[in-house]
Amino acid sequence: MRSCLALFLALLALNSRAQEVHIPLNKGWSFCQLGKEHWYPAEVPGVVQTDLLRNGLIPDFMQGSNIDSVQWIENEDWIYRRTLRVEDTLLRHGHLDLVFKGLDTFAEVYLNDSLIGKADNMFRTWEWAVKRHLKKGENELKVIFRSPIKEGAKLREAYGIQLPHDNDPTGVSPYIRKAAYQFGWDFCPRLVTSGIWQGVELRGWSEARITGFALRELPSSASGRRIWIDAHVAHSMKNGPQVRVHLDGELLAEYYDNEDRMHHGAIVDPTKYDAWFPNGSGPPVRHELRIQVLFKGKVISELSSWIGFRDIELVQESDTSGTSFHFRVNGRPTFIRGVNLVPPRLAISSKDDHLWTELVARMRQTSMNMVRIWSGGVYPPDGFLDACDEAGILVWQDFMFGNLPAVDSAFVLNVRGEIRDQIQRKGHHPCLALWCGNNELQVAWEHWGWQERYVLHGADSVSVALDMLDFFDHELPKELGWYSNGDISYTPTSPLSNWGNAKGLTEGDLHYWGVWHGDSTFSSFANNVGRFVSEWGFQSYPDSALLAKYIHPDSLYLGSPSVARLQRSYKTDKPIWDAIERELGEEKPTTFGGFIEASQRVQAKAYGMAIVAHMAAKPHCMGTLLWQLNDCWPGPSWSIIDYEGNPKPAYEVVKRLYSTTP
């Protein structure tokens, strides 16, 4: 009897060791300003500003002028801690990994007072093997966040050149892998955050585990088009683990990971499956993929995902007009009806993931088929990409370079990890249509007078220009090639053409800002149609009912300082006032409510005229992406949906016109 019990316990121990486990560590955190003594409860995922607000230590930074009173936070260091209790069953695993899915931004991670790693990139997942640091019973996990301003200043000093920083008075944002819009932009104020902004977990595994997968197009052959489902498996087994791949519930392949997986792994003939199409072109059909890793006949690691089979190509070919810029999807040239997206909150964390998916529903309702993820924000969550897959919304994904990068060997190594993380997370999604290196950096360098403004002359100017070209034209696509097989197109920058000259209308994509920044009339939309207009727009104010939630109602009047501080554009409200008279043919409103209503009507007219012009110019023009869908701040902007998700009149105009396929 005693021997049977011993055998049972041995088998139980083996099973607990073999099965991969994920233990969430989001609860039980507290935080403190470094050097202070009082600790307060923290919410993870989250950031310092929201934790301070929750504990009544700062005023609500979304209210009134309170945003100005919380700027001191970015200059301080902060510490987060929690207790982690570990039992024998967990310690039996061969590997125990501490996984932070997002640390914002400069962080030192300690376990039982041992430094296990440092982070310096908001956009990466950070993992450390911690089994040797863990003990049975209680363990203390601690994260120290250093001031991003002070750390950025150190990086600037080491680089030796002050890079352009139009929206950041401290000048440190170009040196930090962090969301650029947090340093202030023309649609939102400054709020530079720190904190554990994504989830945390402890992962236990032993013999093997699945780390991800990729879909790779194999060279064409007599058997036709083939796609290799490349399962990524980490293991320490001499002969490799057994892997099973199921597609739509059927066993597609079974092999051992030590074999030549390109020939003995999971190879798919996509023509035998229904294809994925963008919204308005056909159904976005997806197929269920399930990958299992087995040890001694038992499943020890498993991954399930939805995939789609499609062929997407960015076509840039010489023609009678210049050089095309259009997307060919499953062999069909596809006119793009879309939008640019900004993060839905200033203090962003994965607690806001539902807001991203709600925006996908808005896009689908307006018959959009593409969204551009702008490079000054953050990479969207997995749920957003899943929703785009389901809705048939193509994703133009900028890499997060809203500033010129300070390129050196440490920077390239850091970005390499970022690219690897993003490709492994996004690369299999059928919605992914394009990788883009940066936003407006090339045209800015050539046309915005940065050399004079930032005294970049001689060797410094040459160095910055060469570093930018080498990184976005050579280094970044090379890094992409290491982690993908090039089946997703890449463009080094957006736009490729500059507005204001004839060449800009004949090749590449175009950001047309003659209306708004150039004070042009709305009729100029029809005279400035590029091959693909990837940014354009006009401002309006949100409704007074929304503004009254964030500004005292007594301050809602024309000329109010409280209202004026909401406007973040250097153009102020002047283009709106001018357009009300010029485009609507009306006298200037005398009340704030009248001004808001007129601003929304004039924005709706601008969006209608632009979309009609772009759609009428097909096939010369093959896409329009209005700026912008949403807001992260309750103020005037180019958005068609306000901060709380309420549609403006322009939304209905866009919906009506986009529903008419050109």
Side-chain angles (χ1 to χ4, degrees), residues 1-31 39 41-45 79-103 107-119 125-144 196 198-212 231-244 257 291-304:
M1 185 71 177
R2 189 172 297 172
S3 62
C4 290
L5 178 60
L7 178 60
F8 171 77
L9 292 174
L11 290 173
L12 183 63
L14 178 62
N15 287 336
S16 65
R17 168 186 165 87
Q19 187 69 40
E20 180 180 352
V21 297
H22 297 259
I23 302 173
L25 300 180
N26 295 335
K27 304 293 185 181
W29 289 88
S30 58
F31 81 108
W39 290 82
E43 187 172 82
V44 171
I79 182 169
Y80 281 69
R81 72 182 182 188
R82 64 154 287 168
T83 298
L84 170 63
R85 186 166 185 83
V86 175
E87 304 296 344
D88 281 335
T89 52
L90 188 62
L91 293 172
R92 293 193 187 104
H93 286 276
H95 304 270
L96 292 172
D97 304 323
L98 183 61
V99 182
F100 286 90
K101 298 178 182 179
L103 290 168
E108 301 156 16
V109 180
Y110 293 83
L111 187 56
N112 295 327
D113 292 325
S114 294
L115 177 65
I116 62 169
K118 294 183 178 182
T125 296
W126 299 93
E127 301 184 6
W128 294 283
V130 296
K131 183 174 181 178
R132 67 187 180 93
H133 297 288
L134 287 169
K135 62 185 180 181
K136 183 180 178 180
E138 292 191 346
N139 297 259
E140 185 183 58
L141 178 58
K142 184 169 59 178
V143 185
I144 298 176
I196 307 173
Q198 299 280 338
V200 192
E201 69 177 27
L202 185 63
R203 181 179 60 222
W205 62 285
S206 293
E207 281 70 21
R209 74 175 186 91
I210 302 168
T211 62
H232 303 157
V233 181
H235 67 88
S236 54
M237 302 166 63
K238 181 178 180 180
N239 296 320
Q242 183 182 4
V243 179
R244 289 178 184 165
D257 197 60
I291 303 172
Q292 298 174 321
V293 170
L294 294 86
F295 175 66
K296 295 184 177 181
K298 180 179 177 60
V299 176
I300 59 172
S301 184
E302 188 168 16
L303 179 151
S304 294

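Contact record, Thr211 with Ala234: CG2-CB, 3.8 Å, taken as the closest heavy-atom pair. When all heavy atoms are compared, the tightest approach of His235 to Trp205 is CA-CZ3, 4.4 Å. Heavy atoms only, all atoms of each residue included: Ala107 and Val143 are closest at CB-CG1, 3.9 Å. Across every non-hydrogen atom of Thr125 and Lys101, the tightest pair is OG1-O, 3.8 Å. In this structure, Arg82 and Lys27 approach most closely via the heavy-atom pair NH1-O, 2.7 Å. Between Val233 and Pro241, the shortest heavy-atom distance links the atoms CG1-CG, 3.7 Å.
If you take CD1 on Ile116 and CG on Leu141, they are separated by 6.5 Å, rounding to the nearest 0.5 Å. Considering CG of Leu202 and NE2 of His22, their distance stands at 10.5 Å, rounded to 0.5 Å. If you take CD on Glu207 and NE2 on His93, they are separated by 10.5 Å, rounding to the nearest 0.5 Å. The distance from atom CD1 of Ile144 to atom NZ of Lys118, rounded to the nearest 0.5 Å, is 10.0 Å. Glu108 CD to Leu115 CG: the interatomic distance, rounded to the nearest 0.5 Å, is 6.5 Å. Within the model, atoms NZ of Lys131 and NE2 of His95 stand 8.5 Å from one another, a figure rounded to the nearest 0.5 Å.
In this structure, Asn112 contributes its side chain and His133 its backbone to a donor-acceptor pair below 3.5 Å. Although no hydrogens or angles enter the test, the distance criterion places no donor-acceptor pair under 3.5 Å between the side chain of Ser301 and the main chain of Val293. A side-chain donor-acceptor contact under 3.5 Å links Asn26 to the backbone of Val200. Looking only at distances, a side-chain donor or acceptor of Asn139 sits under 3.5 Å from a matching main-chain atom of Gly137. Between the Ser206 side chain and the Gly94 main chain, a donor and an acceptor come within less than 3.5 Å of each other.
Ion pairing between Glu127 and Arg203 holds under the 4.0 Å rule for side-chain N and carboxylate O.
Looking at Thr83 and Glu138, their side chains never bring a donor and an acceptor atom within 3.5 Å of each other.
Between Ile23 and Leu84, every side-chain heavy-atom pair lies at or beyond the 4.5 Å cut-off. Leu96 is listed as a side-chain neighbour of Leu91, based on a closest heavy-atom distance under 4.5 Å. The closest side-chain heavy-atom distance from Leu25 to Val44 is not below 4.5 Å.
For Glu302, the side-chain hydrogen bond (donor to acceptor under 3.5 Å, both in side chains) criterion is met by Arg290, Gln292, not counting sequence neighbours.
Below 30°, between 30° and 60°, or above 60°: for Phe100 and Trp128 the angle between ring planes is above 60°, a perpendicular geometry.
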>> Determine whether Leu90 and Val21 satisfy the following criterion, side-chain contact (heavy atoms from CB on, under 4.5 Å), listing intermediate values before the conclusion.
In response: CA-CA 9 Å; Leu90 188 62; Val21 297; 4.2 Å; yes
